[in-house]
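Below is one structure, written out as structure tokens; comments come after it.
Just so it is clear: chains get the letters A, B, ... in the order the sequence lines come, proteins before strands, and each one is counted from 1.
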Amino acid sequence: MTERRRPFGCAPLVIIALGLSLFGLLMQYSASSYGAFVHTGDEFFYLKKQALALVAATACMLFLSHVDARILAKISPALLVVSIALLSALFIPGLGAEMYGATRWLDLGFVTVQPSELAKFSLVLFLAAELSSKKEISFGKFALCAFAALSVCLLIVIEPNMSIAVLVALASLFMLFVCGVKFRWFALLAVPAVAAAALLIAVEPYRLKRLLAFLDPWASPLAEGYQLIQSYYALGSGGLFGVGLFNSRQKYLFLPFAESDFVFAVVGEELGLVGCSAVIAAFCALIYFGFRTASRTDDRFCAFAAAGITAVIAIQTLLNIAVVTGSIPPTGLPMPFLGYGGSSLVTFCSAVGILDSVARREPRMSLLKAASG
Amino acid sequence: MRNISHITFKGRLFAAMLLIALLFCALTGRLFYLQIVQGEGLTQRAYGQWTRDLPMRAARGKIVARDGETLASSYDVFTVYVRPVETKSVQTTARAIAECCGVEYERVLAKIDKKGVSEVKAVAGVGETSALELRSRGLDGVYVVKDSARYYDMGNFATQLIGFVNADGTGQSGIELYYDAWLKGVDGAAYTETDLIGGRLDGTATSYLAPIDGPTARLTIDVTLQSLAEKAVRDAVEKYSPLSASCLMMDADTGEVLAMAGAPTYDLNDLPRDDIAFLLTGAKNTLVSDVYEPGSTFKILTAAMGVEEGLIRDSYYCPGYRTVDGARIRCWRSIGHGSQDFAHGIMNSCNCVFMDIALSAGAETVYDYLEDFGIGSRTGIDLPGEGAGILLAEQSVKPVDLARIGFGQAVASTPIGLASAVCSVINGGRLLRPYVLSSIESADGETLYENGPQIRGATVSESTSEQMKEYLYSVVEEGGGKNAYVPGYRIGGKTGTAQKYENGSIANGKYISSFIGFTEMDGRTIVCLFKVDEPQGYVYYGSIVAAPYVGQIFSGAFAAFGEQPKYDENAAPSSTEMPQLYGMSLTQAAASVKASGLQYEYSGEGTAVIAQFPVAGAELYEGAVVHFTLGEM
């Protein structure tokens, strides 16, 4: 009964992640085929690129699944440094690729990658390593962690990529909370957070406008409100069972980013509330298995890392659905696994690989029972 | 490592999980709200952006005269729309359109060579042959859509009354404007499914919503009378070169407008679109929109008030003026009319007589009557832009003003307002709302809307009305209206000559000559108002300038309707003798009376005539009524 015989630590995790990714390929194809044909002449343009990314993602996942997760604790500072270096490299002219008015992609010649995707998981691993190193978390540790998180956030904010910055901030807060930081220390974080928000709105007032636009998209149907209205149209016309796979009407250039940030709206249009609920259920199951893995492992670092990784998946999914349904101000954040984007898919699958590696460490149920019995 | 910290970890992890689960539930609730609760409404809104529609114009409803003669009709034309994004090449498309429709290539190209527009109207008003040819070429992105154009079957005929439409087929004046909502029908549309930038989606069909053509508007206008009025107006323009001339004919008993003609005018099929000023003046229906000082024609109303109120004296003396509050107001005849009775006062149109009536009635009574006659308010005629008459404020009116109002000065009315008031004097005192639309009829003959006589108020009594008619007949037969006389027919009327005011003072040499006449024909009592604004030359009296045209119109109408003369003008009624009826039976007596050209009444019951009036052999005029009594011998 050695660990090597087990193909997966937690098979449901891998199955759900790959299932969502494959379903994502299908929905991305449906959402993007018309736009891809109009703009590139190849309706499979996005599908081909994402399929390649999925192959790479699966390879990363399987590889990491077989690596002892505890090694990550040791290399996490190095990973964070690399991430910060890559984020900083975006500001070197010629390396950073500007798209949609933001510099988020690093152009490596043959492929463009998003350093922020790597950074968010590097930070989570770093925090897990630091917070698990001693039984009691000293204020010094807390301060180091907060400083690391704020640095990463700041670098991402100035890309600018507000949504990932918010995600990183929320995930960091989650880590500090779950890993046992004293409640009163959180109060110290509130001060810079409020100050940063106020400064951002003062420096870039368009954010406030965008922040308020989601409350009444019909007030500016051709400007700030446009994207949200198109998302509403997609969801609304889907109804309970949807208009049927491939039958989206909104994908005919009406809904921007239909294959990435708003792929969930296309799910809602084609497969209805039933399809949306199924996707949400799959994510809930994934998150459940992620947290279960975290709670079952006997290694502090692995537990914290698994919890943090799962939290990133949960928070990003929540943020994306909230944006698509107009529940929070619109931000550009792809849905994990489902949304188009190679960097995103590779990092999320890698993250699931780490989760699976952690799960491999759990004592098996039968053994546990035997031991207790 | 099962220590305190780890238990804290599990507890906090569980709390975080609960929060995340709660948030997923909330978002699922939000999805339910958007997809199920709001789904229907959002889908409807979304549908608007998924389709592009091209209008399919409904054919505008016909306008016909009272007996069905077509005044305005519609015919099919075609409009060519282009969706630039769908065309293979704008140049080729523009060339094809230019060839088929006979328009300049450059103009078409300039119109359709645009980016960022979903569709453009390339050519409008294309004939059927050109449209079919273009359609047969099957060009991508070219849509040939049916449109409707207007044709006025009688051309320059009742121009101001009928009005016209603009290039989009929307009524701009007259009936076309007033009944636009009816006439325009309901436009249809051709819907195509498109993407965001208007590109047509493959495999989708165009769906059509058929237009509903406008129903037919039947007017009260009589083509015969309208033609006579048009002719008279044109004759007057030719003879007097006035600013304008116009003619209004109404049925006094119903308020139906039978004719409305005006000049200057133009052919409705050839509008002077380059000369906006002329287009607008020609479109203006001055009979309805403009007020004028009616002058002596207004005396009909003053006289009716006098008769109704019992203010008529046995005789009036006219020295050529009246002095009111120290001011000398002149009669039109400066040497005066001398002594005259009321009937001659009307025939002579003596201002003094009417000043006396107005002054004896007093301001309150005069204003009560003005209100009853509807002077100062709108008649409510179904035409756009009706004006209201103008009265001096009652509390500030001085005797001098009152005296002038008596003969039609210091008061203003629209021609339609005055004509309606005069109708009430003739029809027994009913003030009617004039109207020009008789009914709106659907294609299968169903009446969708109907106008009928509508009484707005009461003016004078039946007996006053009868008396006034006699006075007005005598004006034409013996007085100032002789020029409107048609031998053998009874025509009543009143002339009017009013000085025009400019900037608050009398404009020298500028007059409005008018005449209001009435007669019975074709079973109706018809009122005709004829007005010449600023006739050129030395003559300006209404009796000379306007009255003859009313005579001309009536004379033409009598002939057209086959109206027999009431009496022979030249021969005096021939005389006859009362026959001896004594002892005759009823049938014998009746035959004998008729043979002598007389009419009879009888009383009593019996087998033989026992008394008669007058005695046998008495001289009588033909048509006189005699009386006999029946009894037993």
Does any donor atom in the side chain of [X] or [Y] lie under 3.5 Å from an acceptor atom in the other side chain?
{"X": "A/S133", "Y": "A/R300", "value": "no"}
{"X": "A/T325", "Y": "A/S327", "value": "yes"}
{"X": "B/S74", "Y": "B/R150", "value": "yes"}
{"X": "B/R45", "Y": "A/Y233", "value": "no"}
{"X": "A/E269", "Y": "B/Q35", "value": "no"}

Is it the side chain or the backbone of [X] that comes within 4.5 Å of chain B heavy atoms, both, or neither?
{"X": "A/I287", "value": "side chain"}
{"X": "A/F264", "value": "side chain"}
{"X": "A/F174", "value": "side chain"}

Flag the one option from [options] with the top tally of heavy-atom pairs under 4.5 Å to chain A.
{"options": "B/T194, B/I20, B/L27", "value": "B/L27"}
{"options": "B/L23, B/D195, B/T43", "value": "B/D195"}
{"options": "B/Q38, B/E40, B/Q49, B/Q44", "value": "B/Q49"}

Worksheet item: Are any side-chain N or O atoms of B/K121 and backbone N or O atoms of B/V82, one a donor and one an acceptor, separated by less than 3.5 Å?
Response: no
With chain B, which of [options] has the greatest number of heavy-atom pairs at distances under 4.5 Å?
{"options": "A/V38, A/T317, A/L253", "result": "A/L253"}
{"options": "A/Y252, A/F177, A/F254", "result": "A/F254"}
{"options": "A/G242, A/G238, A/C276", "result": "A/C276"}

Discussion item. For the OH atom of B/Y33 and the CG atom of A/L273, what is their distance to the nearest 0.5 Å?
Written reply: 14.5 Å
Item to complete: Check whether B/F32 gets within reach of chain A through its side chain, its backbone, both or neither, counting any heavy atom under 4.5 Å.
Response: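 The answer is both parts of B/F32.
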